[in-house]
Amino acid sequence: MMVSLLVSAGCLLAQHRQDRAPQQVQQTFQRDYPQADNATWSHKNSQWSARFDDKSPNDNGEMVAHYSHTGKYIDSHIPYDRNDVPAAVVKTTHRRYRDARDESYTRIDQPNGLSLFQVLLNIGGNQKKVYMNEDGQERRYTDRH
């Protein structure tokens, strides 16, 4: 009985630690997003991710910010409604991927200040990811999450 109690307590503590980013990561996040509302943390592949509502003057809405285990900002992902995506991105998507269905758009903000749009497409039952700048030009991007 005592052993199972200790194992259960250990599992709960480990789970709690996984849901809470290290102090260094949380400090960087608070600096980057001081008006973030209700951040939920997750950890995968040595990266910490905060899912939250951005309540800043820019008000990006629901988003996910990614950080290294040392607190270095990696990027942010912001889901976009098709009506809010730059026309050049939508036009290029429809021209190059005519058979695509169910496209979705996510803006990725990078540490260098540049933004890309990740376009998820369904082509013949297969999912394809394409990255474009705001002018609709395809770009390479290594998304590690």
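Bear in mind that the values here come from a model prediction, so they are computed numbers and not experimental data.
Both Y73 and W41 are assigned to one and the same hydrophobic cluster, defined by single-linkage of ILVMFWY side chains at heavy-atom distances under 4.5 Å. When hydrophobic clusters are built by joining Ile, Leu, Val, Met, Phe, Trp and Tyr residues whose side-chain heavy atoms come closer than 4.5 Å, directly or via intermediates, V89 is not grouped with L116. Linking ILVMFWY side-chain heavy atoms closer than 4.5 Å, directly or via other members, places V90 and V130 in a single hydrophobic cluster.
Taking CG of D75 as the start and OG1 of T142 as the end, the distance is 11.0 Å to the nearest 0.5 Å. Here the OG atom belonging to S49 is positioned 11.5 Å from the CE atom belonging to M63, to the nearest 0.5 angstrom. Atom CZ of R51 and atom NE2 of H66 lie 8.0 Å apart (nearest 0.5 Å). Distance check, rounded to the nearest 0.5 Å: CG of D109 to OG1 of T106 gives 11.5 Å. To the nearest 0.5 Å, atoms CD (Q35) and CD (Q30) are separated by 10.5 Å. Taken from CD in E103 to NE2 in H94, the straight-line distance is 3.5 Å, to the nearest 0.5 Å.
Looking at Q110 and Y141, their side chains come closer than 4.5 Å, going by heavy atoms from C-beta outward. Side-chain contact between H69 and Q24 is absent, with no heavy atoms from C-beta onward closer than 4.5 Å. When side chains are defined from C-beta on, D84 does not count as touching R107, because their heavy atoms never get closer than 4.5 Å.
More than 12 heavy-atom neighbours from other residues, nucleotides or ligands sit within 6.0 angstrom of CG on D81. Annotation for N38: atom CG does not count as buried by contact number, only 12 or fewer foreign heavy atoms lying within 6.0 Å. Residue R144 qualifies as open at atom CZ: its count of foreign heavy atoms under 6.0 Å is 12 or below. Under a cut-off of 6.0 angstrom, the local environment of CZ in R95 is crowded, with over 12 non-hydrogen atoms contributed by other residues, nucleotides or ligands.
Within the structure, the salt bridge (charged side-chain N to carboxylate O under 4.0 Å, His left out) test picks out no pair touching residues 121-134 (sequence neighbours left out).
N112 places a side-chain N or O within 3.5 Å of a backbone atom of L114 that can act as its donor or acceptor partner.
Residues A65 and Y67 approach most closely at CB-CE1, 3.7 Å, considering heavy atoms. Heavy atoms only, all atoms of each residue included: I78 and E62 are closest at CG2-O, 4.0 Å. In terms of heavy-atom proximity, T70 sits nearest to V25 at C-CG2, 4.5 Å.
The aromatic rings of W48 and H43 sit tilted, their planes meeting at an angle between 30° and 60°. Ring geometry for F52 versus F29: interplanar angle over 60°, hence perpendicular rather than tilted (30 to 60°).
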Give every donor-acceptor pair under 3.5 Å between a side-chain atom in residues 117-127 and any protein atom, sequence neighbours left out.
{"residue": "Q118", "atom": "NE2", "partner": "Y131", "partner atom": "OH", "Å": "3.1"}
{"residue": "Q118", "atom": "NE2", "partner": "D143", "partner atom": "OD2", "Å": "3.2"}
{"residue": "N122", "atom": "OD1", "partner": "G125", "partner atom": "N", "Å": "3.0"}

